[in-house]
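Residue numbers start from 1 in every chain, and the chains themselves are labelled A, B, ... in the order their sequence lines are given, proteins ahead of strands.
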There are 2 protein chains.
Amino acid sequence: MTSATVPDRSESRRSTAPGSGASRRPRARKGEGNRLREEILQAVAELLVEKGNKDAVSIRAVAKRVGVSPPAIYLHFADKDELFYQCCRGGFQELSRRLEEAAATAGTVLERLEQMGRAYIDYALERGPQYQVLMAGGETGEISPELLEDDPGLRAFAVLVDTIGEGIEAGEIRTDHDPAALAVAVWAAVHGAVMLLLSRRAAEEATSPVMPDLPPSDATVEAVLALVRSGVVGGS
Amino acid sequence: MTSATVPDRSESRRSTAPGSGASRRPRARKGEGNRLREEILQAVAELLVEKGNKDAVSIRAVAKRVGVSPPAIYLHFADKDELFYQCCRGGFQELSRRLEEAAATAGTVLERLEQMGRAYIDYALERGPQYQVLMAGGETGEISPELLEDDPGLRAFAVLVDTIGEGIEAGEIRTDHDPAALAVAVWAAVHGAVMLLLSRRAAEEATSPVMPDLPPSDATVEAVLALVRSGVVGGS
DNA sequence: GCTGACAACTTATCAGTGTTCACTCATCGT
DNA sequence: ACGATGAGTGAACACTGATAAGTTGTCAGC
C-alpha cells in the first residue's frame, strides 16, 4: 500500500472513517503535542456519556473520534485505566469546588451539610458515568499512588470531616462517634443514594423494569437528606 | 501461534490443561446435563472470589477450571452476564433469608432494623464480589426481565418497606416521609457503606494507599447504623 | 536551502476476550 | 444393531487492550 498515493493534502486524505468518526486529524506542531492529550480527554468524556459505561468505550473508538490511530493514545496515557481516571478526575475538581463552596456558606452546620449533600448528589447524577468510574471499587486501586495523592475526592472528604468536627464543637452534632466515622457514614448514605439512582436510571434506559416499586428520585433524595440530617444530630 | 503445528493425533488424549486447571471432565450421562451447570456455577463463584472482579474472570478460565471447552458454557447460559447473574443470585437467596430472619426476631422495630442492617452488611462484606456483581449498575439492566422478577434483592427490599411501615404505625419511626422513600434511604446508607468498605478493601489488597485517613471498618459500620437509627426516628 | 535530530505519529502485530457454527461422539430407546 | 439425540469439541470471527518498529512532518543550526 501507500503505492501510488500522491500526498495530495487537499482532498485525497478524505474521511478515513466515512461513517461517523472524525477524519484524520492534522498532525500537531512540534511543541504542541499536549493538544492531542486534551482532545483525547474530551473525546473520552463524550463517549462516556454516550455509552454510559467505561467498558463500552474502547480505546479504538476514542482514537477514531479524535481522528488518530489507537497507539497515539498511549503516547499520553499509560493505559486505559489512567486515561479514564484522568478524564473523570478533571471533572471532579469541579465537584470538589462546589462542595467547598457549599461548606463555606453562611448558616448552621446542619444547613451547610445539607447544602453539601445536595451539591454532591446533583453533581454525581449530572455526571453519572464519570462518577461511577472514579468510585469504581478496586479498579481505582490500580492507579499510581501519586495521582491519588491530590485526589479531589479526598480533598472534599477532608472538608466534610472538618464541617462535622465544627458541628460537634458547636453542639449541633452528636458526640458519641468519631468525626471521621460520622463523615464516612454521611458519605456512605449520599454515595449509596447516588449509586441506587444511577442504577435505576441505567435500568430504565435499557427499557427493563428492574426496580419496579421505587419512589421517584426526588423523594429518595429528600428522604436520604432527612435521614442524614436527623442521623448526625443523634439523640434518638 | 498459527505456527502450523501438526495436529498430532497420536497422543492427543493428554490432559488439555496440563498446568493448573482441571483435566478433561468426563462427559455426563444422557439425562445429567444439568450437573455441568452446577459445576460451572461453582467454578464461577470460586474464580470470582479469587480474582475479585467479574471482568477478571474469563469464560475460558471458567471452562478450564471445570475441565470443559468454552462453548459448553453456552449450552447452559445465554451469555456471560446471565452466567454471573445466576451465580450471584444463588448466593443472594441466602442474604434474603437472613434478612427475613432478622426482620422476624422479637424486639422493637428499631432493634429489628438494626439486626437487618448488621445482617446485610455482614453478608455483603462476606461475599464482596458477588454483591458487587449483583448491584453493578446498568449491567443488571441487561438481564432478562423474568429473571429479575423474583430477584431476592427485591424480596428483601419489600421486607424492609414492611418493617418500616410497621414502625410508622407503632409510632417508632418518623411520619414525614413515605415508607418506601425511607426504605430506599436506609438501603442507600447501608449499600453505600458496603461499597465504600469494599472499595477500601480492594485498594488495600492492591497495596496502594488509596484512602489514607479513614476510620476502621468497625467504626464505619457502627457510625452508619447509628446514623440510620437516629435518622429513621427523625425529630431532630 | 540543506540536513540531521527529534517529536509526533502510523502500520502491523500480539495475545486475549465473548460468542457462534459446524461437527463429533457417546449413550439410549427400540 | 442402529439410528436419534443429548452432550459436548474445534476452529473461527469480530472484537479488545497493548507494544515494537517504522515513518513522516517540523524545526534548529549551518
Requested in this report: For residues A/Leu160 and A/Leu99, determine if any side-chain heavy atom of one lies less than 4.5 Å from a side-chain heavy atom of the other.
Outcome: no
Query raised in the report: Does some side-chain heavy atom of B/Gln130 sit less than 4.5 Å from a side-chain heavy atom of B/Val49?
Result: yes
Distance check needed: [N] [atom2] versus [X] [atom1], whole Å only.
{"X": "A/Ile73", "N": "D/dT16", "atom1": "CD1", "atom2": "C1'", "result": "13 Å"}
{"X": "A/Glu39", "N": "C/dC9", "atom1": "CD", "atom2": "C1'", "result": "13 Å"}
{"X": "B/Asp79", "N": "C/dT19", "atom1": "CG", "atom2": "P", "result": "5 Å"}
{"X": "A/Asp55", "N": "C/dG18", "atom1": "CG", "atom2": "P", "result": "12 Å"}
{"X": "B/Lys64", "N": "C/dG18", "atom1": "NZ", "atom2": "C1'", "result": "18 Å"}
{"X": "B/Arg60", "N": "D/dG10", "atom1": "CZ", "atom2": "P", "result": "13 Å"}
{"X": "B/Glu82", "N": "C/dT19", "atom1": "CD", "atom2": "P", "result": "11 Å"}
{"X": "A/Lys54", "N": "D/dT16", "atom1": "NZ", "atom2": "C1'", "result": "13 Å"}

Query raised in the report: Rounded to the nearest 0.5 Å, how far apart are NZ of A/Lys80 and OG of A/Ser58?
Result: 6.5 Å
Query raised in the report: At what distance, to the nearest 0.5 angstrom, does OH of B/Tyr131 lie from OH of B/Tyr123?
Result: 12.5 Å
List every contact pair, protein side and nucleotides 3-7 of chain D side both N or O, where the distance is under 3.5 Å.
| from | atom 1 | to | atom 2 | distance (Å) |
| --- | --- | --- | --- | --- |
| D/dT5 | O2 | B/Lys30 | NZ | 2.7 |
| D/dG6 | O3' | B/Lys30 | O | 2.8 |
| D/dG6 | N2 | B/Arg27 | NH2 | 3.2 |
| D/dA7 | OP1 | B/Lys30 | O | 2.6 |
| D/dA7 | OP1 | B/Gly33 | N | 2.8 |
| D/dA7 | N3 | B/Arg27 | NH2 | 2.4 |

Side chain of [X] only, please: which of [options] is the nearest?
{"X": "A/Pro71", "options": "D/dG10, D/dG17, C/dT10", "value": "C/dT10"}
{"X": "B/Val68", "options": "D/dT9, D/dA20, C/dT17", "value": "D/dT9"}
{"X": "B/Ile59", "options": "D/dG10, C/dT11, C/dG18", "value": "C/dG18"}

Only distances under 3.5 Å count here; give the side-chain donor-acceptor pairs of residues 34-48 of chain A to other protein atoms, sequence neighbours excluded, each with its distance to 0.1 Å.
| from | atom 1 | to | atom 2 | distance (Å) |
| --- | --- | --- | --- | --- |
| A/Glu39 | OE1 | A/Arg25 | NH1 | 3.2 |
| A/Glu39 | OE2 | A/Arg25 | NH1 | 2.6 |
| A/Gln42 | NE2 | A/Glu46 | OE2 | 3.0 |
| A/Glu46 | OE1 | A/Arg65 | NH1 | 2.8 |

Report task. Indicate, with a heavy-atom threshold strictly under 4.0 Å, whether A/Ser69 touches base, sugar-phosphate, or nothing. Result -> base
**Report entry** Touch class at under 4.0 angstrom, heavy-atom based, for B/Val62 against every strand present
**Finding:** nothing
Report summary line: Axis-to-axis angle across the helix from C/dG1-D/dC30 to C/dT30-D/dA1, five pairs each end, nearest 10 degrees, ~ 10°
Query raised in the report: Does A/Gly128 offer a backbone N or O that forms a donor-acceptor pair with the side chain of A/Arg201 under 3.5 Å?
Result: no
Query raised in the report: With sequence neighbours left out, what residues match B/Arg98 under side chain to side chain donor-acceptor pair (under 3.5 Å)?
Result: B/Glu94, B/Glu126
**Report entry** Residue whose closest nucleotide on DNA chain C lies nearer the 5' end, B/Ala61 versus A/Ala72
**Finding:** A/Ala72
Report summary line: Contacts of A/Val190 meeting side-chain contact (heavy atoms from CB on, under 4.5 Å) (sequence neighbours excluded), chain-then-number -> A/Tyr120, A/Ile121
Report summary line: Sorted by chain and residue number, the side-chain contact (heavy atoms from CB on, under 4.5 Å) partners of A/Ala181 (sequence neighbours excluded) come out as A/Asp178, B/Pro215, B/Ala219, B/Ala223
